[in-house]
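Order of listing sets the numbers, starting from 1, for every ligand and every atom in it.
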Amino acid sequence: MSLNIGVIGTGAIGQDHTRRINQVLAGARVVAVNDVNRANAEKCVADYAPGATIFDDPNALIADAGIDAVLVCSWGQTHEEYVLATIAAGKPCFCEKPLATTAEGARRIVDAEVAAGKRLVQVGFMRRYDPGYRALKRAVDSQTGAPLMVHAAHRNPRVGNAYVTPMAIHDTLIHEIDVLRWLLDDDYVSAQVLFPRKSPHAHEALRDPQVVILQTAKGVVIDVEIFVNSRYGYDIQCEVVGEEGIARLPEPMGIQTRLNATLGQPILMDWKDRFIDSYDYELTDFIRAASAGTAAGPTAWDGYVAAVTSDACVAAQEAEGTTIAIDLPARPAMYG
Ligand code: NAP
């Protein structure tokens, strides 16, 4: 039996997930969509979900008896309301990051899920599904010994003028915050941010690059370079230094050339291309679990921890150079 999915928010990622569910993956269909931008909803239905119903009211979509599960792909500020409504309806919910734009909002979702008594929420932290990160985790867990340090980088070629300094945390670092915690099976205890000399390509309201230093409960020190005006490419780097050796995230596949006295390999320019397989895998996992009435993958608790850590990192930006403590309450038993 096919899982009937309703998608709220049919912009870039909502349309791409609809395409993925209806044209690439098995076991589910997008049968309904909602968007405040009616043109986006109509385009999504015409291009990827012919025959799907366009709901004017997102809450009516969530409550509709014909909808088994919901994808929340609208603006971040709206996620909390729609995820809470989906939990209240007892339906599985895939929520794009961020789970909520405040730690308090993410906590309300955790509390609602705990009260519901079973997992219903998967957060769209797709890097956990990337084959490269999975291979890296296997090496860290079984080959290189207990981790001591992590050196990571998140570089984009350029950003628009709407991208301001805190977005380097909320929109960019958020993926490292989640995937490194998963990779190390550890929690953060503090954050510090250092700003090197500013790139001449960074606009007035953006301090770029920046280096975020996170320390974990097990004593690992992580440095993440965020550089969103690198010009040369979209480049994700991660190296884990362990007691017995070092493991590095593999480069994305690309044809190597020996040409004109140069050994060359292309570098991706668009973030959409870097984790393309991971989106397929995360939604496959969602469809599998939602078909059984539950959720898999990154949890609401992971979304909450990411929100608490993001807030600490933004505070660390504002208090440049100061170490900000990250205090997490006890993890509810449901999250293992
Ligand atoms: P987008 O292209 O702006 O699309 C968002 C869509 O939601 C737009 O059509 C927007 O309408 C609509 N919308 C806004 N408020 C709404 C509401 N209250 N109810 C229903 N629809 C509403 O943005 P996007 O790039 O797809 O990003 C959407 C979410 O996915 C964000 O949270 C983003 O962080 C996340 N995301 C995650 C990844 C990832 O790698 N995991 C990648 C991209 C995006 P308007 O056109 O009128 O604004």
Side-chain angles (χ1 to χ4, degrees), residues 6-21 30 32-49 52-63 67 70-86 93-102 105-106 109 121-130 132-133 154 156 159-160 162-164 166-179 182 228 234 236 252 268 270-283 285-286 297-298 302-303 306-307 310:
V7 176
I8 300 176
T10 50
I13 199 89
Q15 289 191 29
D16 201 38
H17 283 336
T18 301
R19 175 196 61 77
R20 180 166 282 118
I21 290 166
V30 173
V33 301
N34 159 265
D35 199 301
V36 288
N37 183 333
R38 178 89 190 180
N40 272 354
E42 285 171 359
K43 181 170 186 329
C44 183
V45 168
D47 290 354
Y48 306 118
T53 307
I54 300 179
F55 280 77
D56 291 327
D57 177 0
N59 291 305
L61 178 151
I62 292 167
I67 303 296
V70 175
L71 255 60
V72 176
C73 303
S74 45
W75 292 340
Q77 293 92 322
T78 65
H79 291 183
E80 180 188 346
E81 177 190 345
Y82 299 147
V83 174
L84 285 173
T86 308
C93 179
F94 175 93
C95 179
E96 262 309 338
K97 61 87 187 162
L99 178 61
T101 48
T102 63
I109 292 172
V121 178
Q122 176 178 340
V123 183
F125 287 131
M126 77 296 179
R127 281 199 199 177
R128 295 183 183 208
Y129 292 90
D130 173 59
Y133 272 108
H154 189 144
N156 295 55
V159 291
Y163 185 105
V164 291
M167 291 173 73
I169 306 296
H170 290 305
D171 281 19
T172 302
L173 184 76
I174 189 87
H175 285 296
E176 270 78 17
I177 287 175
D178 180 70
V179 82
W182 166 82
V228 295
Y234 180 74
I236 301 301
L268 296 173
D270 191 334
W271 61 265
K272 289 192 200 74
D273 300 327
R274 176 62 180 83
F275 294 106
I276 191 101
D277 298 339
S278 321
Y279 296 116
D280 291 352
Y281 300 141
E282 71 173 354
L283 284 181
D285 212 16
F286 177 71
D302 295 323
S310 294

Could you check whether [X] pairs with [Y] (Lys NZ or Arg NE/NH1/NH2 to Asp/Glu carboxylate O, under 4.0 Å)?
X: Asp16; Y: Lys272; value: no
X: Arg127; Y: Glu176; value: yes
X: Lys97; Y: Asp178; value: no
X: Asp280; Y: Arg20; value: yes

* Asked: Are the aromatic rings of Tyr234 and His154 close, with centres under 6.0 Å apart?
  ->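 Yes.
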* To do: Tell me, please, which residues at least two apart from Asn40 pass side-chain contact (heavy atoms from CB on, under 4.5 Å).
  =>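 Asn40 satisfies side-chain contact (heavy atoms from CB on, under 4.5 Å) with Thr10, Gln15, Asp35, Asn37 only.
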* Exactly which residues line ligand 1, taking a heavy atom under 4.0 Å from it as the test? ->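 Its neighbours under 4.0 Å (heavy atoms only) are Ile8, Gly9, Gly11, Ala12, Ile13, Asn34, Asp35, Val36, Asn37, Asn40, Cys73, Ser74, Trp75, Gly76, Thr78, His79, Tyr82, Glu96, Lys97, Pro98, Gly124, Met126, His175, Trp271, Tyr279, given by chain and number.
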